[in-house]
Amino acid sequence: MKDIAKTYNPKEFEDKIYSFWMEKGFFTPKIAPHKKPFTIVIPPPNVTGELHMGHALDNTLQDILIRWRRMQGYAALWIPGTDHASIATEIKVLDKIREETGKTKKDLTREEFLEKAWEWKDKYENRILSQLKKLGSSCDWTRTAFTMDEKRSKAVREVFVSLYEKGLIYKGNRIINWCPSCNTALSDAEVEHKEHKGHLWYIKYPVKGEEDYVVIATTRPETMLGDVAVAVHPEDERYKHLIGKTLILPLVGREIPVIADEYVDPSFGTGAVKVTPAHDPNDFEIGVRHNLPFINIMNENATINENGGKYEGLDRYEAREKIVKDLEEQGLLLKVEEHVHNVGHCYRCDTVVEPLLSEQWFVKMEPLAKPALQVVKEGKIKFVPERFEKIYTNWLENIKDWCISRQLWWGHRIPAWYCEDCGHVTVSREDPVKCEACGSTNIHQDENVLDTWFSSALWPFSTMGWPEETEDLKYFYPTDVLVTGYDIIFFWVARMIFMSLEFMKEIPFKYVLIHGLVRDALGRKMSKSLGNGIDPLEVIEKYGADTLRFTLVIGNAPGNDMRFSWEKVEHSRNFANKLWNASRYVLLNLDENDTNLYIDNLTLADKWILTRYNNIVKEVTDNLEKFELGVAASKLYDFVWSEFCDWYIELSKPVLYSDNEEAKKVTKSVLRYVLDNTLRLLHPFMPFITEEIWQNLPHEGESIMVAEWPKYREDLDFEEDAKKAEIIMEAIRAIRNIRAEANVSPSKKAKVIIAVEKEEHEKIFESGKNYIMKLAGASEVAIERNRGNIPQKAMSAAISAGLVVVPLEELIDLEEEIKRLEEEREKVLKEIERAQGLLNNENFVKKALEKVVNAEREKLEKYTAMLKNIEERLSLLNS
RNA sequence: GGGGUCAUAGCUCAGCUGGUUAGAGCGCUACGUUGACAUCGUAGAGGCCACAGGUUCAAGUCCUGUUGACCCCA
């Protein structure tokens with residue numbers, strides 16, 4: 001007999017258990033040909049800071065899958081790592097330097113900055129990895145990777161050079177999104193569009209040499225400094241006569257043509273648009289089509305440059321005000337309207353981005369996107385839930401070339417060297433010492449670094465050592481499932497898919513399991529600015545990692561956002577405590593180191609719980625296979641609480657507290673068996689508590705985390721007997737209900753009569769007498785086949801197998817009892833009506849599944865019998 | 001403008017490919033310290049499953065439309 005603490009106290013064992021697993025090396029799989037691999041690569045958290053609730057969710061899901069497959073006998077590998085997060089980290093490091101020394105980026109050399117950045121990375125990488133451990137993540141730490149470490153950098157270099165050689169990476173002068181605050185170009189994916197209440201300014205552009213003018217409408221008057229044309233739709237009757245004429249650009253005085261282009265929407269504004277090819281992607285296209293000049297009017301910090309004449313030096317918004325004012329003074333401003341439009345913002349610092357003509361590096365997307373669309377269309381990669389497939393497809397179908405250069409220091413420096421003598425660009429796998437065209441040593445490397453997502457796109461294979469041909473790649477690649485949030489489908493998921501197809505000639509993963517955001521209790525996004533974020537470590541500190549994990553998983557459907565609340569945490573903690581105490585009950589009663597299950601003399605209750613358990617094994621496994629982790633957790637919760645604890649443990653008490661040693665042995669073995677296997681089913685969800693309890697139980701093997709995942713057992717399926725047990729349970733519920741209705745004190749025992757008609761029912765209740773006495777507070781249970789022996793002054797309730805009667809002479813209010821039974825009768829009548837209606841419907845009987853029809857017949861029979869019992873009682877009471 | 005999601009008990013949510021008397025937890029009411037657990041037990045109240053049509057023997061579940069909330073993309 002073992003005793004464990006009276007309440008669940010995770011602090012006492014979580015760290016100890018994690019160290020034990022580490023020492024045993026359970027997290028590192030053995031590459032074995034006879035085993036099937038199961039692989040997950042972690043979505044690498046940014047080394048910007050700490051883990052948040054979203055990480056806790058993401059990693060809990062991964063750990064559940066990994067632990068489950070490991071127990072099923074797979075060589076389960078979960079590769080951990082972190083991401084250098086170029087922009088985000090650079091901002092943080094610069095902030096820190098400024099706080100500490102007052103220096104800004106301009107005061108630093110690249111080397112000085114990088115030194116600080118690596119220090120930062122070391123510190124936060126460490127912190128993040130230890131947080132993952134606290135959560136219980138069973139990652140293989142021997143394979144920990146970082147997007148900028150040597151191996152990963154080699155992969156990045158290989159991919160860049162290779163794509164360049166194939167012509168899929170090019171350098172070009174294009175419109176990009178410029179963040180004036182981060183001082184770098186961004187990709188389209190890094191721009192967030194938000195609605196702004198702005199204005200639509202209507203401005204007159206005079207026609208040269210005529211009294212006439214054209215009115216254009218614009219949301220950004222300051223860009224007129226860079227206007228090179230006005231465009232109208234070729235079919236627009238209002239403007240046809242002006243096409244080809246020349247306008248005088250107000251304030252600037254430049255002569256610009258009126259051109260015709262299909263792109264113009266005649267219904268927007270006035271139908272005439274100003275064309276600024278250096279500051280708008282659509283205007284850029286028009287500019288190319290019509291061979292127009294590109295006039296850049298802005299500096300990198302979003303002030304007006306020398307091309308802006310007298311506005312030079314003004315910030316873009318100051319310039320806007322000034323220009324509007326000047327136009328107004330000159331009588332060229334026709335009107336101003338309120339206008340709501342979408343404005344792009346930097347996803348890191350929220351500054352309004354500036355579309356800017358700039359020379360940057362790009363990845364040509366069309367040839368890469370096509371196969372990436374194909375594999376999803378063909379079902380080689382499946383999104384869970386499916387609807388995210390559409391989002392993915394939609395994005396890739398409309399994709400433009402990917403701008404990959406960033407004007408930053410923290411990241412993979414672009415491996416391109418410019419020759420100062422001949423201008424040739426050398427792109428190579430090894431750092432060159434001379435220009436490959438002219439041989440000059442007068443070369444310098446491109447100052448820019450690559451988009452962070454360029455390196456994370458390679459993660460599924462770079463973590464396994466690519467471009468080397470490693471054992472890991474041969475055995476573990478492709479991975480099985482990627483678990484991530486819907487917010488990075490574009491940034492990351494799509495890019496991993498096309499990079500893998502291009503370089504591995506294979507998909508990177510078979511499934512993409514998408515989860516939602518963890519919101520606060522009010523449904524708001526957790527954010528620093530709102531201060532409503534909750535630190536997962538705080539939850540672990542207060543309630544334990546298992547509780548946190550369970551809270552994040554239970555009842556949640558894939559892809560849906562969830563709300564986090566402390567009530568939910570407590571609820572999960574209560575469950576852990578329940579499990580703990582149920583185990584305590586079992587442990588207190590086990591007195592030998594016996595791991596057998598004795599199935600020869602099982603009681604009805606034993607057979608019932610084994611049947612229910614067997615069923616749960618099947619269902620939970622099935623749910624996990626379909627990635628329905630939230631459903632699996634709910635089922636386990638219900639099984640442990642409502643079936644194992646509420647019923648089976650209570651049913652086991654009469655046996656365990658009896659003197660029948662043989663019966664006790666059997667029941668103990670069932671308790672142990674069901675608990676042991678239920679712990680295994682729960683282990684992926686709550687690894688620590690299950691290990692702690694399991695180690696205290698008589699068991700075989702070193703750890704529950706490498707114990708075998710339970711399987712359905714035909715020989716433990718006692719469906720018929722389980723039904724009998726349920727009939728007894730139904731009677732117990734009915735008696736309890738009567739007693740509660742009659743306000744019988746729980747301590748007061750009362751006699752119970754069960755009237756039955758069928759012999760089989762008589763037998764069932766006969767065998768359940770003990771249970772009924774113990775669980776329904778009965779002093780005596782009489783089973784009657786003769787209705788004449790049932791007293792009038794009694795309360796009764798019809799159940800499917802008969803009539804439960806509790807004679808409580810002094811407590812009976814006859815009128816109340818009649819009213820109660822009449823209500824019962826109404827309910828039953830309604831059911832009979834419903835079932836009869838169905839069965840009388842020829843079409844139902846003909847077309848519905850046989851199973852369904854039979855079920856209805858059984859129900860009808862059952863309710864008819866109940867009705868008969870109720871009516872008999874009523875007539876007796878009314879007489 | 002295009003696409004998507006959601007609308008189920010007071011609150012937070014489950015409900016898979018249509019077939020259970022529509023569920024859970026919290027909250028609420030009454031009773032209870034029965035030898036695992038008050039982080040608990042027993043019993044109970046509470047829902048025209050947003051609205052309107054349609055398909056079907058059968059609709060919370062499928063289709064169409066309406067209203068409302070949210071998200072993504074341009």
Side-chain angles (χ1 to χ4, degrees), chain A residues 3-4 6-9 188-189 191-193 265 281-282 342 344 385 387-388 390-391 393-395 397-400 486-487 489-490 516-517 521-523 543 547 554-557 559-565 567-568 570-589 622-623 626 628 630-631 633-635 637-638 641-642 645-646 649-650 652-653 656-657 671 732-733 735-747 749 774-777 827-828 830-831 834-835 837-849 851-853 855-856 859 863:
Chain A
D3 198 1
I4 58 175
K6 205 171 169 179
T7 51
Y8 161 64
N9 187 2
D188 295 340
V191 176
E192 284 175 359
H193 291 270
D265 173 7
N282 295 313
N342 275 308
R387 68 185 126 98
F388 290 101
K390 282 184 201 154
I391 295 178
T393 303
N394 201 283
W395 189 71
E397 277 171 350
N398 297 300
I399 195 152
K400 300 203 178 101
Y486 56 68
D487 47 338
I489 292 176
F490 310 134
L517 268 40
L522 301 173
Y543 292 92
T547 295
I554 189 163
N556 280 107
N560 288 3
D561 289 355
M562 62 160 300
R563 296 189 189 202
F564 179 93
S565 71
E567 286 82 50
K568 282 189 191 168
E570 277 178 24
H571 176 204
S572 296
R573 188 270 320 266
N574 293 354
F575 173 65
N577 187 60
K578 189 74 182 174
L579 178 66
W580 183 264
N581 274 289
S583 306
R584 190 164 166 262
Y585 168 79
V586 175
L587 283 168
L588 286 169
N589 286 291
D622 187 50
N623 288 136
K626 292 195 281 191
E628 295 166 350
V631 178
S634 302
K635 282 185 185 162
Y637 177 97
D638 286 339
W641 205 309
S642 314
C645 293
D646 287 353
I649 285 186
E650 294 310 321
S652 76
K653 285 177 181 173
L656 292 197
Y657 299 145
L671 279 167
I732 292 170
R733 274 195 211 98
I735 298 162
R736 285 170 173 173
N737 181 299
I738 289 173
R739 291 174 55 111
E741 293 273 335
N743 268 322
V744 181
S745 140
S747 54
K749 303 280 181 224
K774 170 80 182 167
L775 271 65
K827 265 196 216 163
V828 172
K830 249 176 84 184
E831 285 308 313
R834 195 191 55 83
L838 276 176
L839 290 166
N840 289 342
N841 182 336
E842 226 179 282
N843 277 324
F844 172 74
V845 181
K846 218 165 38 189
K847 292 184 182 172
L849 293 170
K851 193 174 82 179
V852 177
V853 179
E856 282 308 322
K859 273 186 234 167
Y863 288 119

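Throughout, a chain's letter reflects where its sequence line sits, starting with A, and its residues are numbered from 1.
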Is [X] near enough to [N] that one of its side-chain N or O atoms lies under 4.0 angstrom from OP1 or OP2?
X	N	result
A:His193	B:C72	no
A:Asn556	B:C13	no
A:Lys626	B:U17	no
A:Lys827	B:U21	no
A:Trp641	B:G25	no
A:Arg834	B:U21	yes
A:Arg573	B:U39	no
A:Arg387	B:G4	no

Output the rounded distance in Å from [atom1] ([X]) to [atom2] ([N]).
X	N	atom1	atom2	value
A:Ile649	B:C40	CD1	C1'	13 Å
A:Glu650	B:U42	CD	P	8 Å
A:Tyr585	B:A36	OH	P	7 Å
A:Asp561	B:A14	CG	P	10 Å
A:Ile399	B:G3	CD1	C1'	17 Å
A:Ile391	B:A74	CD1	P	13 Å
A:Arg736	B:C31	CZ	P	19 Å
A:Asn841	B:C57	CG	P	9 Å

Base-pairing mate for [N] - Watson-Crick or G-U, with both contacts under 3.5 Å:
N	answer
B:G1	B:C73
B:U29	B:A43
B:A7	B:U67
B:C49	none
B:A24	B:U12
B:G60	none

Is [Y] close to [X] at the side-chain level, that is, under 4.5 Å between some pair of heavy atoms?
X	Y	answer
A:Glu741	A:Asn737	yes
A:Phe844	A:Val853	yes
A:Phe490	A:Ile399	no

Between [M] and [N] - [atom1] atom distance, rounded Å:
N	M	atom1	result
B:A59	B:G32	P	46 Å
B:G15	B:U8	C1'	9 Å
B:G68	B:C16	C1'	27 Å

Side chain of [X], heavy atoms from C-beta onward: which of [options] has the nearest atom to it?
X	options	value
A:Pro746	B:G25, B:C57, B:G32	B:G32
A:Lys847	B:A43, B:A36, B:C57	B:C57
A:Ala740	B:A36, B:C57, B:A43	B:A43
A:Glu831	B:U21, B:G25, B:C37	B:U21

Classify [X] by what it touches in the nucleic acid, base, sugar-phosphate, or nothing, heavy-atom distance under 4.0 Å.
X	result
A:Lys568	sugar-phosphate
A:Lys851	nothing
A:Asn737	sugar-phosphate
A:Asn560	sugar-phosphate
A:Asn342	base
A:Glu192	nothing
A:Arg563	sugar-phosphate
A:Lys859	sugar-phosphate
A:Tyr657	base
A:Ile489	nothing
A:Tyr486	nothing

Report yes or no: do A:Tyr585 and A:Ser652 form a side-chain donor-acceptor pair below 3.5 Å? yes
Donor on one side chain, acceptor on other, A:Asp561 and A:Tyr486, under 3.5 Å: yes
Atom pair [atom1] ([X]) and [atom2] ([Y]), whose distance is rounded to the nearest 0.5 Å:
X	Y	atom1	atom2	value
A:Glu856	A:Leu838	CD	CG	5.0 Å
A:Arg736	A:Leu775	CZ	CG	5.0 Å
A:Arg834	A:Tyr863	CZ	OH	7.5 Å

Report yes or no: is there a donor-acceptor pair, N or O only, under 3.5 Å between the side chain of [X] and the base of [N]?
X	N	value
A:Glu628	B:A14	no
A:Lys578	B:C37	yes
A:Lys400	B:A74	no

Taking every heavy atom of A:Arg584 against every heavy atom of A:Ile4, the minimum-distance pair comes out as NE-O, 3.2 Å
Sorted by position of nearest nucleotide on RNA chain B, 5' first, the leading residue of A:Cys645 and A:Ala521 is A:Ala521
